[in-house]
Amino acid sequence: MDRLKKKLDDLTFRDTLNPPDTEHVRAIVQSTGFFSPAEVEIAVELAIERLVKGLDSGYHFLFAEQNNRVVGYSCFGPIPGAQASIDLYWIAVHNDFRGAGIGKKLMAESERAIKRLGGRRIYVETSSREQYQPTRAFYLACGYQQEALLKDFYAPGDSKVIYVKAIG
């Protein structure tokens, strides 16, 4: 328990995106073992788009660091055409650091950042596959409610589960 508390005590957050962060995003997403190579590339592409276009990209990032090492991140942005609704595109913690509460702390910090952006409702989606059961449990533990299930969205037998949380 002391080891886990120390990991949280040493945690810092930053909302700036630097060029090396594209590789941090890649390493974190790959380490989870959840995502296909194409999905990993999508995560990296969002970071590149933010570097190229800045805030005009619509993507915001929050990085969790411990002892100057990036251990987790989130990516979120306003939903075009919606008022005060934000998509949480990615939230991930490097596999070496999972189970220490970093994900919950990163989620809480992301929610605060989203609120500062004027967000009032956060939407997040994930897969219905069994592999994603811990992910779905994480969202529920963070106060998100399942709002929709889109059957066979990703593939036959792989539905999209959409969660929402009101924060304003």
Side-chain angles (χ1 to χ4, degrees), residues 1-35 39-40 42-47 49-51 55 57-79 84-127 129 131-147 161-168:
M1 183 64 169
D2 289 338
R3 180 184 68 82
L4 295 181
K5 182 169 177 8
K6 176 129 177 64
K7 282 190 176 188
L8 289 177
D9 287 345
D10 293 345
L11 206 57
T12 59
F13 297 91
R14 66 174 164 86
D15 61 3
T16 56
L17 179 73
N18 304 311
D21 289 324
T22 59
E23 289 309 310
H24 295 141
V25 166
R26 180 185 311 282
I28 290 166
V29 174
Q30 282 178 331
S31 79
T32 68
F34 278 57
F35 302 104
E39 290 168 320
V40 171
I42 290 168
V44 172
E45 285 172 16
L46 298 184
E49 178 126 352
R50 171 59 192 258
L51 284 170
L55 289 176
S57 69
Y59 300 121
H60 298 265
F61 284 80
L62 188 64
F63 291 91
E65 295 180 321
Q66 187 175 61
N67 300 320
N68 296 315
R69 178 179 177 192
V70 176
V71 298
Y73 88 103
S74 65
C75 174
F76 47 89
I79 299 171
S85 293
I86 304 287
D87 264 332
L88 178 64
Y89 299 111
W90 292 89
I91 184 166
V93 173
H94 194 284
N95 197 52
D96 293 348
F97 292 84
R98 289 182 62 201
I102 292 171
K104 285 186 180 177
K105 187 126 172 129
L106 179 58
M107 179 66 88
E109 290 294 325
S110 298
E111 289 171 358
R112 280 191 272 286
I114 288 168
K115 194 169 186 177
R116 285 191 300 272
L117 288 173
R120 295 293 173 253
R121 292 176 65 82
I122 303 171
Y123 293 85
V124 62
E125 61 190 55
T126 192
S127 170
R129 291 190 338 237
Q131 175 185 12
Y132 287 85
Q133 178 54 40
T135 304
R136 295 189 301 274
F138 171 76
Y139 293 135
L140 292 172
C142 289
Y144 288 73
Q145 300 295 316
Q146 183 177 325
E147 190 77 11
V161 186
I162 302 171
Y163 293 89
V164 67
K165 182 176 184 178
I167 59 168

### Arg120 (side chain) donor-acceptor with Ala84 (main chain) under 3.5 angstrom
no
### Task
Under the side-chain contact (heavy atoms from CB on, under 4.5 Å) rule, what do Asn95 and Thr32 come out as? Steps first, then yes or no, please.
CA-CA 5 Å; Asn95 197 52; Thr32 68; 5.7 Å; no
### Task
Step by step, work out the side-chain contact (heavy atoms from CB on, under 4.5 Å) result for Phe63 and Leu17.
CA-CA 8 Å; Phe63 291 91; Leu17 179 73; 3.3 Å; yes
#### Entry: Criterion salt bridge (Lys or Arg N to Asp or Glu O under 4.0 Å) on Arg14 and Asp21, from CA distance to verdict
CA-CA 11 Å; Arg14 66 174 164 86; Asp21 289 324; 2.7 Å; yes
### Message
Let me confirm one number: the CD1-NZ distance from Ile86 to Lys165, rounded to the nearest 0.5 Å.
### Response
14.5 Å
### Query
What closest approach, in Å, do Glu111 and Cys142 show between heavy atoms, and which atom pair accounts for it?
OE2-O, 4.2 Å
### Query
Any side-chain heavy atom of Ile122 sitting closer than 4.5 Å to one from Phe76?
no
#### Entry: Interatomic spacing from CZ in Phe97 to CD1 in Ile102 - rounded to 0.5 Å
6.5 Å
### Task
Please determine, by modelled atom types, if Gln133 and Arg136 share a side-chain donor-acceptor pair under 3.5 angstrom.
yes
### Query
What are the two closest non-hydrogen atoms of Glu39 and Phe34, and how far apart are they?
OE1-O, 4.2 Å
## Note on the structure
Rounded to the nearest 0.5 angstrom, the OG-OH distance for Ser127 and Tyr132 is 5.5 Å
#### Entry: Smallest separation among heavy atoms of Arg50 and Tyr59, with atom names
NH1-O, 2.7 Å
## Note on the structure
All heavy atoms of Ala47 vs all of Val25, minimum pair found to be CB-CG2, 4.5 Å
#### Entry: Distance (rounded to the nearest 0.5 Å) between Asn67 CG and Asp10 CG
5.0 Å
### Message
If you define the side chain from C-beta out and look only at heavy atoms, does anything of Tyr139 sit under 4.5 Å from Met107?
### Response
yes
### Query
Say you draw a straight line from OG of Ser85 to CD1 of Ile114; how long is it, rounded to the nearest 0.5 Å?
11.0 Å
### Query
Heavy-atom distance under 4.5 Å between the side chains of Leu88 and Ser74, does that happen here?
yes
#### Entry: Derivation of the side-chain contact (heavy atoms from CB on, under 4.5 Å) call for Asp15 and His60
CA-CA 8 Å; Asp15 61 3; His60 298 265; over 6 Å; no
### Task
Carefully, step by step, assess Arg112 and Glu109 under the rule side-chain contact (heavy atoms from CB on, under 4.5 Å).
CA-CA 5 Å; Arg112 280 191 272 286; Glu109 290 294 325; 2.7 Å; yes
### Query
What are the two closest heavy atoms between Tyr89 and Pro78, and how far apart are they?
OH-O, 4.1 Å
### Nearest heavy atoms of Ala64 and Leu106, plus distance in Å
CB-CD1, 4.3 Å
## Note on the structure
Separation between OG1 (Thr135) and OH (Tyr163), nearest 0.5 Å, reads 9.0 Å
### Query
Angle class for the Tyr73/Phe61 ring planes (parallel below 30°, perpendicular above 60°, tilted otherwise)?
parallel
### Query
Do Phe35 and Ile42 come within less than 4.5 Å of each other through their side chains, counting heavy atoms only?
no
